[in-house]
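The structure under discussion appears below in the form of C-alpha cells.
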Amino acid sequence: MKKKKKIQPNSLWALPSAGLLLLLTIAPLAMLLLFSFMNRNMFAGQPWPGWTMGNITRMMASGTFWDLLLRSLRTGLIVTVICIAAAYPAAWAMAKVVPEKRRGMCMILVILPFFTSQLLLIYAMMNLIQTGGLLMTALNAIGIPAKSFLYTNAATVLVLVYEYLPYMILCLYSSIEGIGDNLIHASLILGANKVRTFTHIVFPMSAPGLLSGILLVFVPVVGSFVEPGLVGGSNGMMVGSLINSQYKDNLNMGYGAVLSCVLLIVLCVIMAIISFATKKAQQSIGGDV
Amino acid sequence: MRKLFAMLLCLCFVLGLAGTAYAAEEEEPAADYSGHTLYVANWQAYNSDTTYCEQAFEDKFGCEVEHVYFNSYDELMTNLQTGGNATIDACVLSQNYTQYFHDQDLLMNVDPAEIPSYEGVAEVYKDVSPYAVDDEGNVFAFPWTSGVTSIGYNPEKIDREITTWKDLLDPEFAGHVCMFGDYGDGMIIAALMSDQDPSDPENLDLDKVRDVLNELKPQILSFWSSNDEQLIPYKSGESWIGNMWSGPYAQLLREGEPVKYVHPEEGTVGYLDYWCVVKGTDEYDLACEWINWIESYEQQYTMATGEGSEYTSPDGVPYPTYAPVNAQVLDELNEDQLAELGMNPMPTKICMLNYLTPEQKDAWMDVWSEFQASAG
C-alpha cells in the first residue's frame, strides 16, 4: 500500500511566495487566456462583453502579425547571439582573470547602466550615433567617413545589445565562477587545447548560466517595442508594438490578449527547444559533468 | 484753512477707501489648498507642465500638481476604466474623444459658472455639441487650445515649394520623411492623398488608402509620437519633411532652425483640445480652479506668445506656443505671432478626426499597422 506523503512543516514557509506566484503570475496568465475569447473589452463594474472566436480568426488571417513575429524572433536571435559572443570573454575575464579583490569593481561597472532609466540609456545611445552625434563627429574628424545608422535595424540591435548584455554577463559569470580552476588546469595539462577545454569543460559547466542568460535576453527582446520604435526607423515596428497598439491606441483588449497568448506560446516552445538542445549538447560534448 | 484741511482729509479718506476696494478687486486672495494634490493627465511637454502654468498654479494655490502622462487617449481611457479615476482629477481630451469618454461615464458635468474664465472663450469654441455639451445642455469639456497638423519642412534641404500632401511621395525625399505614428492623423492624411473625404469613414475606400501608404513607405525615416521624437531627427538633419504639429513648428522657429510650415491645399488635420473633470475626483473644486486657471487670459496669452509670465523655462529654451481659445488673446495677436501658431495664413480646409465605431477603428488600425509593419 502506498504511503501518503506528509506535508513537511518547513514547506509551509513556501506558502506566501507560492501565493504571490499564484496571484501575480498564474492569475494574470489565466485572465489573458480568458480575455482572448472576449469581445473587445471588459471594465470594472461592467457586464461581460460576450464570447467570440473572432480574435483568433482575425489573428490567423493577419499577415501583419506573423510578419512582425518573424521579425521580432529574428531580432531576438541576433541580439542574443551577439550578447553570448560578447559576454563569454567578459564573464571569463571577470571570473578567472581579474584578481578577486577587483571583481566587485568589475561587477559595479557591469551593472552601472541599471542605475539609470532605460529610456535615458536609449536617448544617450541616440545622441551618440545620430548625424552630428559624438561618434559620427569623432569618426569624421579622424578622416573616417561615417554615416549615421540611427533609424535602421542595426540601431535597434545595438541599443538592445547595450541594454541586455549585462544580464548575459552576470548569468555566465555566476556559472563560470563555479568551475574549479583545477579542472581547467587538469584539462590543459592532459593535452586538451584551449578550444577543447572550452567546448568540453567550460561550455557544459556554464550551460545553466547560459540558459538563464538566453531566457533573460531573448524573451524580453522579442517582446520589446520601445527601443525599436525610437531608433528602428521605418522598420522599427515589432510584434510588441502591435500588441501595445491594441491596448494603447485601439482599446481592443480581446485581440491584444490573443496576440499576447500566441507570442507567449511561441516563446515557451522556443525556450523548451533551446533548453533541450543545450542539455543534449552538454551531455554529448562534456558528458554529465 | 480749517475747511480746506477737512476737505483734503475727506478726499484722502475717499481715495483711500476706493484704492483699498480696487486692490481687493484686483488681487482677490486665492483659496488655500495647502496639503492638496491635483493629478492632471496630459501629453508630456504639452504646455500644462511648464513652470508658468504648473509651478505658478502651485505657488498661487499652495497645492501640488502631479502630471500623469499618456501616449494616446485610448491609453488614458484604459487607465481611467481600470481604476485611474481614483487618482486622476482632470484630463486633456481631443474633440474626437470627449463625447466617447462622456458616454463611458468618465467625465463630470461642470456648471460653467464655476469656471469664470470660460466667459472669455471665443464664441466659436463654446457650446460645441456634441464634443463639449450633451443633449441636455450639460457642459463636460472646456476648450483650451486648437491647432493643426500640417507639413513642416527644412528649406535648406528642400528648395522647392511644398503645396500638397502628395509632395511627401517625391522620390528625392526618400528616407527623410518623418510621420506622426498615430493612426488617426495618418489615415486622414492618406485619405486626403488618395483624393477621398476622411470625414466620411463609412464610405472610405481603404484599398485606395492602402495603395497610397504603400507608396509612402519607402519615403519614411521614422515615426514619432512626441515632440522630442519629432525634433531630434529634424535638428540633426536626418528628417527633411513630415507632418508637424504647430507647436513644434513654433519651437523650431524660435530656436532659429530652418523651417517652413504649409497647409496642404487638399486640407490639413485639425484638432481642438479640451480640459475635463474626471468623474470620481475628490478634488473637484481644485480641478475647477485648474481649468479656470488654464483658460484665464494670462495663461492663454503666455501659452500663445511665450511672454507675460515671470516663470521661465528652467533650461532657458523657450517653451513651444499653442493657439489660444480666449477671444481677447486672439484679438491681440499680431501677424507674426499668428504665423508662428500656423494661423497666418489660415488653412483653407481643416479635417477633424470624427468619432469612429469600434469596427471602423479596427479596420483603420489594421491598414495603419500593415503600413508600419511593412518593410521600407
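The sequence lines fix the lettering, A, B, ..., with proteins before strands; numbering per chain opens at 1. Bear in mind the structure is a predicted one, so any value in this text is a computation, not a measurement.
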Next item on the list: To the nearest 0.5 Å, tell me how far A:Leu150 CG sits from B:Ser236 OG.
Entry: 7.0 Å

Check: Take atom NZ in B:Lys208; do more than 12 heavy atoms of anything else shown fall under 6.0 Å from it?
Finding: no

Notebook entry, point to check: If you round to the nearest 0.5 Å, how far is CE of A:Met237 from OG of B:Ser374?
Noted result: 10.0 Å

Check: Mind checking whether B:Asp366 and A:Arg58 have side chains closer than 4.5 Å, heavy atoms only?
Finding: yes

Margin query: Are there residues of residues 59-68 of chain A whose heavy atoms fall under 4.5 Å of chain B's heavy atoms? If so, which?
Written below: A:Thr64, A:Leu68

Note to self: Taking every non-hydrogen pair under 4.5 Å, which of B:Leu76, B:Asn71, B:Leu221 racks up the most with chain A?
What the structure shows: B:Leu221

Margin query: Run B:Gln81 and A:Leu251 through side chain to side chain contact (heavy atoms under 4.5 Å, CB included) and show every step you take.
Written below: CA-CA 11 Å; B:Gln81 293 272 30; A:Leu251 209 63; 5.8 Å; no

Note to self: Working to the nearest 0.5 angstrom, can you tell me the gap between A:Met126 CE and B:Ile232 CD1?
What the structure shows: 4.5 Å

Notebook entry, point to check: Out of curiosity, B:Thr78 OG1 to A:Met253 CE, how far, rounded to the nearest 0.5 Å?
Noted result: 5.0 Å

Check: Does atom CD of B:Glu255 have more than 12 heavy-atom neighbours, drawn from other residues, nucleotides or ligands, at distances under 6.0 Å?
Finding: yes

Checklist line | B:Tyr183, part contacting chain A, at a heavy-atom distance under 4.5 Å | finding: side chain

Checklist line | Atom of B:Glu238, atom of A:Ser148 and distance for their closest heavy-atom approach | finding: OE2-OG, 3.0 Å

Notebook entry, point to check: Is it the side chain or the backbone of B:Glu370 that comes within 4.5 Å of chain A heavy atoms, both, or neither?
Noted result: both

Margin query: Minimum heavy-atom separation for A:Gly233 and B:Phe223, please, with both atom names.
Written below: O-CD1, 4.4 Å

Notebook entry, point to check: Are A:Gln130 and B:Pro233 close enough that some pair of their side-chain heavy atoms sits under 4.5 Å apart?
Noted result: no

Next item on the list: Taking B:Lys217 for its side chain and A:Ser234 for its backbone only, find out whether a donor-acceptor pair lies under 3.5 Å.
Entry: yes

Ignoring hydrogens and angles, write down the donor-acceptor pairs under 3.5 Å from the side chains of residues 73-81 of chain A, residues two or more places apart or on other chains.
{"residue": "A:Thr75", "atom": "OG1", "partner": "A:Arg71", "partner atom": "O", "Å": "2.9"}
{"residue": "A:Thr80", "atom": "OG1", "partner": "A:Gly76", "partner atom": "O", "Å": "2.5"}

Checklist line | OH on A:Tyr247 to OG on B:Ser72, rounded to 0.5 Å | finding: 14.0 Å

Next item on the list: Give, for atom OG of A:Ser245 and atom CG of B:Asp74, the distance between the pair rounded to the nearest 0.5 Å.
Entry: 10.0 Å

Next item on the list: List for me each residue that meets ring pair (Phe, Tyr, Trp, His ring centres under 6.0 Å) alongside B:Phe140, sequence neighbours excluded, and say none if there are none.
Entry: B:His102

Check: Ion pair present between A:Asp249 and B:Lys361, side-chain N to carboxylate O less than 4.0 angstrom?
Finding: no

Check: Who in residues 132-145 of chain A is close to chain B, using a strict under-4.5 Å heavy-atom cut-off?
Finding: none

Next item on the list: Select one option (side chain, backbone, both, neither) describing which atoms of B:Asp362 are under 4.5 Å from chain A's heavy atoms.
Entry: both

